[in-house]
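In what follows, a single structure is set out as structure tokens and then discussed.
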Amino acid sequence: MNLTLPEKERIQALIEEGVTRSADRLGKLSRTQWGVMSSSTNEMPVVRLLSWFHREKGEHLAACLRASSDIPMETVLIYSGKGAAALTDAVTRPWADQMKRLPNLVDLTIGEVSNILAQSVIGALADQFGQTVILSVPDVRRGPKADLLAVALEGYDGRRDVILMSHVELYSNDLAADCSMVLIVDSDALRTLVRAQPV
């Protein structure tokens, strides 16, 4: 599927709106003010994306959320190990004493942050097009960035699906972290949604 420039701009604007929505929810979760920005949303060939991610070494964390309702899709958010740890410290700071005993605190926190981001983005798309999208519970994994994406791509069908990638930046006080957000969407559903609305 090749989106036209107006269609790409429309989808990018909705993704940016959803990412911005997540700032309030993150603020309530961590009792501090957050800024969240999305940039460089692009339709990506799978081979190029895997090659690009393969260059980024070190352990990463990925949270995968799936939807099979009106807009079949998979949302993958991938963080560097260092970024995930810093993000966890910032989000859990108000409850640090109680939560430091949890052995998988980083995984739990990344799952929750990813859930907020994904729900906000998918919510913006669903609201715009009057659809219902229910995402699964986040599945959090660790490993090399390209390997994590490859797991998420197990159900990918190049004849049917389109891949959108967006760079997301999160910042609060002395924290700056980022993640790669990849949306794997049924192209017919996306085409129907986008072209049914004026651009």
Side-chain angles (χ1 to χ4, degrees), residues 1-22 36-67 71-81 83-84 87 110-111 113-126 128 133 135-136 138-171 176-191 193-194:
M1 174 184 184
N2 291 313
L3 296 169
T4 65
L5 181 59
E7 290 166 347
K8 288 179 183 177
E9 289 174 346
R10 185 173 186 80
I11 291 170
Q12 179 167 343
L14 289 169
I15 289 173
E16 289 173 358
E17 177 187 334
V19 167
T20 301
R21 285 185 191 181
S22 69
V36 187
M37 293 174 35
S38 168
S39 62
S40 307
T41 299
N42 289 297
E43 184 177 355
M44 298 286 289
V46 64
V47 174
R48 183 187 303 170
L49 191 57
L50 283 167
S51 175
W52 186 16
F53 281 8
H54 186 70
R55 297 177 196 153
E56 298 192 39
K57 305 302 181 185
E59 184 177 69
H60 286 69
L61 278 79
C64 302
L65 301 94
R66 295 176 177 84
I71 313 174
M73 71 170 62
E74 182 149 0
T75 307
V76 188
L77 296 105
I78 307 178
Y79 311 76
S80 69
L87 196 52
I110 290 303
V113 169
S114 299
N115 187 50
I116 289 172
L117 284 166
Q119 294 283 359
S120 298
V121 168
I122 303 309
L125 290 166
Q128 178 68 27
V133 180
L135 290 171
S136 66
D139 176 19
V140 179
R141 298 171 182 262
R142 292 173 177 260
K145 193 170 185 178
D147 291 358
L148 292 170
L149 179 62
V151 171
L153 288 168
E154 285 176 355
Y156 170 77
D157 184 337
R159 299 163 298 178
R160 181 192 68 211
D161 298 325
V162 62
I163 296 177
L164 302 171
M165 206 284 282
S166 183
H167 181 75
V168 179
E169 299 176 27
L170 306 100
Y171 51 92
D178 57 64
C179 75
S180 299
M181 180 171 62
V182 179
L183 302 177
I184 305 164
V185 192
D186 179 89
S187 58
D188 287 339
L190 187 62
R191 183 182 290 114
L193 291 177
V194 172

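Every residue two or more places apart in sequence or in another chain that forms a side-chain hydrogen bond (donor to acceptor under 3.5 Å, both in side chains) with Thr41 is listed here: Ser166. With sequence neighbours excluded, the residues satisfying side-chain contact (heavy atoms from CB on, under 4.5 Å) with Arg48 are Met44, Pro45. Under the salt bridge (Lys or Arg N to Asp or Glu O under 4.0 Å) criterion, Glu59 pairs with Arg142, not counting sequence neighbours. Residues forming a side-chain hydrogen bond (donor to acceptor under 3.5 Å, both in side chains) with Ser180 (at least two apart in sequence, or on another chain): Lys145. Residues satisfying the side-chain hydrogen bond (donor to acceptor under 3.5 Å, both in side chains) test with Glu169, not counting sequence neighbours, are none. With sequence neighbours excluded, the residues that form a side-chain contact (heavy atoms from CB on, under 4.5 Å) with Ser51 are Arg55. For the side-chain hydrogen bond (donor to acceptor under 3.5 Å, both in side chains) test, residues two or more places apart in sequence or in another chain that qualify with Asp139 are Arg141.
Side-chain atoms of Leu49 and Val182, non-hydrogen and from C-beta on, do get closer than 4.5 Å to each other. Leu77 is not listed as a side-chain neighbour of Val113, based on a closest heavy-atom distance of 4.5 Å or more.
Minimum heavy-atom separation, Val133 to Ala67: CG1-CB, 3.6 Å. The two residues Tyr79 and Leu117 come nearest to each other via the heavy atoms OH-CD1, 3.7 Å. Among all heavy-atom pairs drawn from Ser80 and Gly83, the shortest one is OG-N, 2.9 Å. Residues Val76 and Ala62 share a closest heavy-atom pair of CG1-CB, 4.4 Å. Counting all heavy atoms, side chain and backbone alike, Cys64 lies closest to Ser136 at O-OG, 4.4 Å.
Atoms CG and CG, on Asp186 and Asp161 in that order, are 6.0 Å from each other to the nearest 0.5 Å. Taken to the nearest 0.5 Å, the CG atom of Leu170 stands 8.0 Å off from the CG atom of Asp178. Taking OG1 from Thr75 and CD from Gln119, the interatomic distance works out to 9.0 Å, rounded to the nearest 0.5 Å. Within the model, atoms CG of Leu135 and CG of Asn115 stand 7.5 Å from one another, a figure rounded to the nearest 0.5 Å.
Summarising the local packing, NE2 of His54 is surrounded by 12 or fewer heavy atoms from other residues, nucleotides or ligands at distances under 6.0 Å.
Each of Glu74, Met165, Met73 was evaluated against Ile184; a single residue qualifies, Glu74, per the side chain to side chain contact (heavy atoms under 4.5 Å, CB included) test.
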Identify all side-chain donor-acceptor contacts of residues 12-21 below 3.5 Å with residues at least two apart in sequence or on another chain.
| residue | atom | partner | partner atom | Å |
| --- | --- | --- | --- | --- |
| Gln12 | NE2 | Glu16 | OE2 | 3.0 |
| Glu17 | OE2 | Arg21 | NH2 | 2.9 |
| Thr20 | OG1 | Glu16 | O | 2.9 |
| Arg21 | NH1 | Asp127 | OD2 | 3.2 |

Expected list for residues 147-158: side-chain donor-acceptor pairs under 3.5 angstrom, two or more places apart:
| residue | atom | partner | partner atom | Å |
| --- | --- | --- | --- | --- |
| Asp157 | OD1 | Arg159 | N | 2.9 |
| Asp157 | OD1 | Arg159 | NE | 3.1 |
| Asp157 | OD2 | Arg159 | NH2 | 3.2 |

